[in-house]
Amino acid sequence: MSGKILIAYASRTGSTQDYAEEIGKTLIVAGFQVDVLPVDAEIDLTQYVAVLVGSAIRKSKWLPEAIDFLKNHRAELNRKPFAMFTVCITRAMSGDDEYQRVVKEWVEPMRALVNPLAEGIFPGRLDFSKLPFNLDTIQLRLAVALGIFPRQDRSDFAAARAWAEELVPRLKM
Ligand SMILES: Cc1cc2nc3c(=O)[nH]c(=O)nc-3n(C[C@H](O)[C@H](O)[C@H](O)COP(=O)(O)O)c2cc1C
């Protein structure tokens with residue numbers, strides 16, 4: 001056993017949670033104990049040797065509860081091995097470096113709060129069955145209809161597992 005790792009996530013329609021769980025399974029196979037919890041759960045950080053935080057993107061930003069988690073625990077997180085991952089639909093847009101550069105910019109404010117060992121950016125999905133019908137989601141539907149965003153689930157759990165495997169040696173303090 002190599003100690004206990006926290007994977008804290010912020011997710012509104014489940015895809016970031018799915019990534020957190022997949023990453024968690026990889027770390028368990030690597031010999032860690034793992035807790036996968038929403039960022040707004042009651043969490044005692046002192047029991048963890050390392051922390052991973054993941055958030056979905058909405059309107060070019062991490063979800064507010066994930067940003068608050070980093071702000072509230074900044075000092076403690078800067079003392080531990082820390083990594084972060086981001087889930088968004090832009091990552092699913094066909095291999096355009098410009099888009100990927102933009103996503104990295106969205107993550108910049110988080111990087112300024114807590115220095116990560118590694119950053120993952122993974123493609124999500126637009127699950128309209130779980131979203132309300134409002135101006136924001138009408139715009140997203142339009143973007144899908146115009147072929148700007150993919151209709152299909154583009155989750156790439158293999159990429160997340162590979163990312164977690166690379167992280168393993170760096171999580172052992
Ligand atoms: C209201 C709304 C706004 C979004 N804004 C963005 C965005 O600015 N950029 C992006 O790449 N994806 C955006 N997305 C897509 C989400 O990041 C994507 O659906 C993600 O998989 C959702 O993760 P979750 O299921 O964990 O909530 C948005 C989704 C919604 C519903």
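Whatever order the structure lists them in is the order used to number ligands and atoms, beginning at 1. Just so it is clear, the model here is predicted, and its values are computed rather than measured.
Proximity annotation for atom 28 (C) of ligand 1: of T13, I57, L63, I57 comes nearest, heavy atoms only.
Looking at W62 and T86, their side chains do bring a donor and an acceptor atom within 3.5 Å of each other.
Residues D136 and K59 are paired through a salt bridge, judged by an N-O separation under 4.0 Å between the basic side chain and the carboxylate. E108 and K104 are not joined by a salt bridge, as no carboxylate oxygen comes within less than 4.0 angstrom of a charged side-chain nitrogen. Between R111 and E105, no side-chain nitrogen of the basic residue sits less than 4.0 Å from a carboxylate oxygen of the acidic one, so the salt-bridge criterion is not met.
Panel note: side chain K130, backbone T13; a donor-acceptor pair is recorded below 3.5 Å. Judged by distance alone, with hydrogens and angles left aside, the side-chain atoms of S55 form no donor-acceptor pair with the main-chain N or O of A66 at under 3.5 Å.
Shown in contact with A56 at under 4.0 Å from a heavy atom are these atoms of ligand 1, numbered in order with element: 22 (C), 23 (O), 24 (P), 26 (O), 27 (O). Near L126, with a cut-off below 4.0 Å to any heavy atom, the atoms of ligand 1 are 15 (C), 19 (O). Every atom of ligand 1 with a heavy atom of G14 under 4.0 Å away is listed here by number and element: 24 (P), 25 (O), 26 (O). Proximity to T90 (heavy-atom distance under 4.0 Å) selects the following atoms of ligand 1: 9 (N), 10 (C), 11 (O). Heavy-atom proximity to K59, at under 4.0 Å, picks out these atoms of ligand 1: 3 (C), 4 (C), 5 (N), 6 (C), 7 (C), 8 (O). The atoms of ligand 1 that sit less than 4.0 Å from any heavy atom of T16 are 23 (O), 24 (P), 26 (O). Using a 4.0 Å cut-off to heavy atoms of L131, the atoms of ligand 1 that qualify are 31 (C). Residue S60 has at least one heavy-atom neighbour below 4.0 Å for each of these atoms of ligand 1: 7 (C), 8 (O).
Here R125 has backbone heavy atoms under 4.0 Å from ligand 1, and that is the only part of it that gets that close.
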**Item:** Derivation and outcome, side chain to side chain donor-acceptor pair (under 3.5 Å), residues S15 and D18
**Value:** CA-CA 5 Å; S15 62; D18 290 347; over 6 Å; no

**Asked** Between T26 and W163, is a side chain to side chain contact (heavy atoms under 4.5 Å, CB included) present by the stated rule, with each step listed?
**Response** CA-CA 10 Å; T26 303; W163 179 78; over 6 Å; no

**Request:** In sequence, state the C-alpha distance, the side-chain angles, and the governing distance for V51 and I5, and then conclude on side chain to side chain contact (heavy atoms under 4.5 Å, CB included).
**Result:** CA-CA 6 Å; V51 179; I5 294 186; over 6 Å; no

**Request:** Using the ring-ring contact (aromatic ring centres under 6.0 Å, His included) rule, take Y9 and Y19 through it: C-alpha gap first, then chi angles, then the decisive distance, then the call.
**Result:** CA-CA 9 Å; Y9 65 85; Y19 275 106; over 10 Å; no

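Looking only at heavy atoms of the protein, atom 9 (N) of ligand 1 is closest to W106 CH2, 3.3 Å. Protein heavy atom closest to atom 29 (C) of ligand 1, with residue, atom name and distance, is L140 CD1, 3.6 Å. The nearest protein atom to atom 27 (O) of ligand 1, hydrogens excluded, is given as R12 N, 2.7 Å; this is a heavy-atom distance. If you check which protein heavy atom lies closest to atom 21 (O) of ligand 1, you get S15 OG, 2.7 Å.
Geometrically, ligand 1 and C88 share no nitrogen or oxygen pair separated by less than 3.5 Å. Polar contact check, I89 against ligand 1: a nitrogen or oxygen pair lies under 3.5 Å apart. Residue R58 has no nitrogen or oxygen atom sitting less than 3.5 Å from a nitrogen or oxygen atom of ligand 1, judged on distance alone. An N or O contact shorter than 3.5 Å is missing between T137 and ligand 1 by distance.
To the nearest 0.5 angstrom, E22 atom CD is 11.5 Å from Q17 atom CD.
By the 4.0 Å heavy-atom criterion, Y9 is excluded from the residues contacting ligand 1.
Counting heavy-atom neighbours within 6.0 Å of E166 CD, excluding the residue itself, gives a total of 12 or less.
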